[in-house]
Amino acid sequence: MKIVTYNLNGIRARMPRLVEYLDERKPDVLCLQEIKCADESIPIEDVRGAGYEGHWHGQKGFNGVAVLTPAGRPAKLRRVRLPGADEEDLHSRYIEAEVGDVVVASLYLPNGNPVGTEKFGYKLAWLERLRLHALDLLAEERPVVLAGDWNVIPTDEDVFSPRAMAHDALMQPESRAAFRRILHQGWTDAIRARFPEGPVWTFWDYTAGCFQRDAGFRIDHLLLSPSAADRLLDAGVDKDYRGREKASDHAPTWVEIED
DNA sequence: ATGACATTTGCAAAATGA
């Protein structure tokens with residue numbers, strides 16, 4: 001079972017890449033982020049045409065997440081948005097579904113820049129809400145995959161230049177500590193389990209020729225619960241999609257677990 | 001410190017991103 005997370009940066013602008021990906025890689029589950037589109041504007045017929053169906057949690061202009069599965073093997077929707085006191089949070093950043101015996105979440109963490117503003121506070125608060133929900137998910141003692149754009153660079157190994165990014169919200173000590181607090185509940189970072197060291201990038205900025213000089217970082221993560229980690233077969237990044245025409249700034253990042 | 005570039009909204013230039 002191949003589970004993929006792909007921050008599209010606009011589903012309408014990215015339809016050729018999305019359909020291509022479904023055709024070529026045929027993922028069992030595709031978690032999308034930043035579809036930047038209200039539910040009623042999603043090009044759903046083109047997704048159907050590629051043989052997929054989805055649960056959508058869109059938003060006009062920005063954010064927006066989804067979980068796609070092949071038609072005829074529908075996922076069962078479990079929830080949209082994170083639980084928590086923050087009922088005024090209208091950002092579409094979380095959706096959770098059940099695919100076979102596996103729970104899969106597609107999440108889009110707040111970026112949090114600039115540091116020192118309410119945006120950074122919102123990021124940390126969101127991570128805390130996610131931490132609490134992740135505990136509940138672990139308590140179910142079943143295979144769970146937390147897949148998405150976490151907007152956290154976990155360590156200095158995960159960025160082309162720690163110095164260049166030193167003041168970015170993605171790698172502040174508070175962001176990293178919050179990520180670790182979740183990880184240390186008992187989750188396995190699938191990419192680091194497969195590639196214990198060295199650079200593995202999932203994002204390359206559009207500016208300054210970052211992709212051409214391979215100046216990227218790792219912010220798209222798939223966290224596996226213990227029983228999902230027991231079934232880990234492989235993981236990777238489909239980097240070639242980042243080099244194609246009209247590419248997203250993120251590359252599809254995936255894990256394969258025993259079916 | 002700024003902007004490099006990209007997408008969306010709305011139809012110019014601002015908001016958002018990372």
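What you see is a predicted model, and the numbers here were worked out from it, not measured in a lab. Labels below follow one simple rule: chain letters A, B, ... track the order of the sequence lines, proteins then strands, and each chain is numbered from 1.
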Checklist line | Residue pairs passing the ring pair (Phe, Tyr, Trp, His ring centres under 6.0 Å) test where at least one lies in residues 227-259 of chain A, sequence neighbours excluded | finding: Y21(A)-Y241(A), F203(A)-H250(A)
Next item on the list: Look at all strands and tell whether R242(A) reaches a base, only sugar-phosphate, or nothing, counting heavy atoms closer than 4.0 Å.
Entry: nothing
Give every donor-acceptor pair under 3.5 Å between a side-chain atom in residues 135-142 of chain A and any protein atom, sequence neighbours left out.
from	atom 1	to	atom 2	distance (Å)
E140(A)	OE1	R78(A)	NH1	3.4
E140(A)	OE2	R78(A)	NH2	2.7
R142(A)	NH2	D101(A)	O	3.4

Atom pairs and distances, donor-acceptor, side-chain atoms in residues 177-187 of chain A, under 3.5 Å, two or more places apart:
from	atom 1	to	atom 2	distance (Å)
Q185(A)	OE1	W187(A)	NE1	3.0
Q185(A)	NE2	R131(A)	O	3.0

Item checked: Sugar-phosphate or base contact per nucleotide [nucleotides 4-9 of chain B; S, B, -; heavy atom under 4.0 Å] -> BBSBSS
Check: Does a donor on one side chain sit under 3.5 Å from an acceptor on the other, for D238(A) and Y6(A)?
Finding: no
Notebook entry, point to check: Which part of the nucleic acid, if any, lies within reach of D249(A) when heavy atoms closer than 4.0 Å are counted: base, sugar-phosphate only, or nothing?
Noted result: nothing
Check: Rounded to whole angstroms, how far apart are CG on N151(A) and C1' on dG17(B)?
Finding: 9 Å
Checklist line | With H133(A) via ring-ring contact (aromatic ring centres under 6.0 Å, His included) - residues at least two apart | finding: Y94(A)
Notebook entry, point to check: Going by number, which of residues 107-115 of chain A have a non-hydrogen atom under 4.0 Å from DNA chain B?
Noted result: Y108(A), N111(A), N113(A)
Notebook entry, point to check: Can you name the ring-ring contact (aromatic ring centres under 6.0 Å, His included) partners of F211(A), sequence neighbours left out?
Noted result: W204(A)
Next item on the list: Only counting residues at least two apart or in another chain, list the ones meeting side-chain contact (heavy atoms from CB on, under 4.5 Å) with A71(A).
Entry: E53(A)
Next item on the list: Determine the Euclidean distance between corresponding P atoms of dA18(B) and dT8(B); express it in Å to zero decimal places.
Entry: 14 Å
Notebook entry, point to check: Of all residues at least two apart in sequence or in a different chain, which pass the ring-ring contact (aromatic ring centres under 6.0 Å, His included) check with F62(A)?
Noted result: H91(A)
Check: Taking atom C1' in both dT9(B) and dG3(B), what distance in whole Å separates the two?
Finding: 22 Å
Margin query: If I pick the C1' atom on dA12(B) and the same atom on dT7(B), what distance separates them, to the nearest angstrom?
Written below: 16 Å
Next item on the list: Scan N63(A) against the nucleic acid and name what it touches under 4.0 Å (heavy atoms): base, sugar-phosphate only, or nothing.
Entry: nothing
Check: If the C1' atom of dC11(B) is compared with that of dA15(B), how far apart are they to the nearest Å?
Finding: 16 Å
Next item on the list: Give the C-alpha distance, both sets of side-chain angles, the deciding distance and a yes or no for side chain to side chain donor-acceptor pair (under 3.5 Å) between N113(A) and K119(A).
Entry: CA-CA 6 Å; N113(A) 279 307; K119(A) 291 189 175 189; over 6 Å; no
Next item on the list: Could you give the distance separating dG10(B) and dA6(B) at their P atoms, to the nearest angstrom?
Entry: 23 Å
Checklist line | Residue pairs, two or more places apart or on separate chains, that pass salt bridge (Lys or Arg N to Asp or Glu O under 4.0 Å) and touch residues 193-208 of chain A | finding: R194(A)-D234(A)
Note to self: Which Ile, Leu, Val, Met, Phe, Trp or Tyr residues join V65(A) in one cluster when any pair of side-chain heavy atoms under 4.5 Å counts as a link?
What the structure shows: M1(A), I3(A), V29(A), V67(A), L77(A), V80(A), I95(A), V99(A), V102(A), V104(A), Y108(A), V145(A), L222(A), L224(A), L232(A), V255(A), I257(A)
Check: What is the distance, rounded to the nearest whole Å, between atom CD1 of I219(A) and atom C1' of dG17(B)?
Finding: 10 Å
Nucleotide N/O to protein N/O under 3.5 Å, stretch nucleotides 1-3 of chain B:
none

Check: Separation of W204(A) atom CH2 from dG17(B) atom C1', in whole Å?
Finding: 18 Å
